[in-house]
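Shown next, in structure tokens, is the structure this report addresses.
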2 protein chains.
Amino acid sequence: MTDSDKNTEKTILLSARKIFTIKGFDGARMQEIADDAGINKALLHYYYRTKDKLFEAVFKEVLNLIFPKIISILQSPIPVFEKIEKISLTYIEMLKQNPDLAIFVFHEISRNPRRLVENFRNAGIDFEIIRSQISLEAARGIIVPIKAEHLITNLISMCVFPFIAKPVLKGMMGMDEEAFQQFIEERKSVIPHTLILSLTPDK
Amino acid sequence: MTDSDKNTEKTILLSARKIFTIKGFDGARMQEIADDAGINKALLHYYYRTKDKLFEAVFKEVLNLIFPKIISILQSPIPVFEKIEKISLTYIEMLKQNPDLAIFVFHEISRNPRRLVENFRNAGIDFEIIRSQISLEAARGIIVPIKAEHLITNLISMCVFPFIAKPVLKGMMGMDEEAFQQFIEERKSVIPHTLILSLTPDK
DNA sequence: TCTACTTTTGACCACCTGGTTAAACTATTT
DNA sequence: AAATAGTTTAACCAGGTGGTCAAAAGTAGA
């Protein structure tokens, strides 16, 4: 049945993402994924022939979750400050709803950097666009001059890092889960606030 | 001999850190570590009984590389702005000289969060000190009010994240290795600059 | 040289892993 | 109801893994 097909397939993909995220590619066991999906191990190989193929399927699904929104914001014709605000909001909200995404992607960074970079390229991010916008607004005195590389890195760092380092931050600063969620929610405004203050001319 | 003892032991530790960092705990093979150290696999188990023990030895070594400097800065009696500058400088320089540290620590975050948090606690970081300093300086009008959690998170995020996401950043922004090193060097001043601007009152 | 010791090695093993296979089950079509 | 095609399973396998062990090689003192 096409219906139960997609059900089983989706169930597998969901369990796979879960296990791959928690354990990493090498730590993940096909058996564990099968158990989590409530199916036989051989069925995994029936739908996704190998562990690699299964991982790749999960990976692509994850990328589609991450890129489209961010790219459309980055390339929309709005001022830099507005982009900063929108990206902070969108990025953090997305990570809040899929807290394991950051860890999953990071695992893949150290496992297979090339492929990830290729996917980034194919995703259609044109860094020149944002670079020229920043220098343009700087020339017009709207923002303080800054290299696009640093601004974007600052923005992404502050959005993503807390999700990667979550256990450490919670432990270090003595937050429980609720406090951490509150903390993350606050960052939606703290991050743009920080960056925009640092970029506003005329001190 | 105590001398060749320590040589072999150190060689093992070095190779272990290398392999563990590249492959993660699960991906690392005892055989590969032995090969890299130029010794027999059984010798690994002679010095460090199990894979876990070996990892733990590497882990402690890494922690000792990271913490002491940062902690002494955090708890020294200097203004917040100065702390921001010194930590950026020290942290980035340390990561520049040991670029794989960040990845190693992160791997451990997702493998065994509890132990890492415990080590952080035992390292003697007293978050209350920095918290009270920030609220004190804010009350005196030296800095804009901000939650210590956010300031510290911003600082650490911007310092550490580029080392974790290095391949992606290089690919996305079209940097070669030399350009990336230059980029990292610049961040020693960009990060404190960004934060201090955002914290300076009286706009 | 002999002895007691630590260090190093090759051979080995029990176990686990990803992957296969052939058979059983289900549903759809004729 | 028979044939066909797609789905699910239990049993199995070859290869790789961490870990062991007994013996060899090296070392130092008497």
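The chains referred to below are lettered A, B, ... by the order of the sequence lines, with proteins before strands, and numbering in each begins at 1.
The CD1-P distance, from B:I39 to D:dA24, rounds to 21 Å in whole Å. Distance, B:I33 CD1 to D:dT17 C1': 13 Å, rounded to whole Å. The NZ-P distance, from A:K51 to C:dG18, rounds to 5 Å in whole Å.
Distance from the side chain of B:A42 is smallest to C:dG10 among C:dG10, C:dT8, C:dG18. Side-chain proximity of A:K41 to the nucleotides D:dT8, D:dG19, C:dG19 is greatest for C:dG19. The side chain of B:H45 lies closest to D:dG18, out of D:dT8, D:dG18, C:dT21.
Donor-acceptor pairing under 3.5 Å is recorded for the side chains of A:R17 and A:N98. B:Q181 and B:E185 share no donor-acceptor pair across their side chains, judged by distance under 3.5 Å alone.
The pair B:K188-B:E85 does not meet the salt-bridge criterion, since no charged nitrogen lies less than 4.0 angstrom from a carboxylate oxygen. Between B:R115 and B:E118 there is no salt bridge, since no side-chain N of the basic residue sits under 4.0 Å from a carboxylate O of the acidic one.
The residue among A:N40 and A:R29 whose nearest nucleotide of DNA chain C is located toward the 5' end is A:R29.
Across all strands, B:A28 comes closer than 4.0 Å only to sugar-phosphate atoms, never to a base (heavy-atom distances).
Phosphate contact (OP1/OP2 of C:dT6, side-chain N/O of B:Y46, threshold under 4.0 Å): absent. Using a 4.0 Å cut-off, some side-chain N or O of A:T8 falls inside it from OP1 or OP2 of D:dT8.
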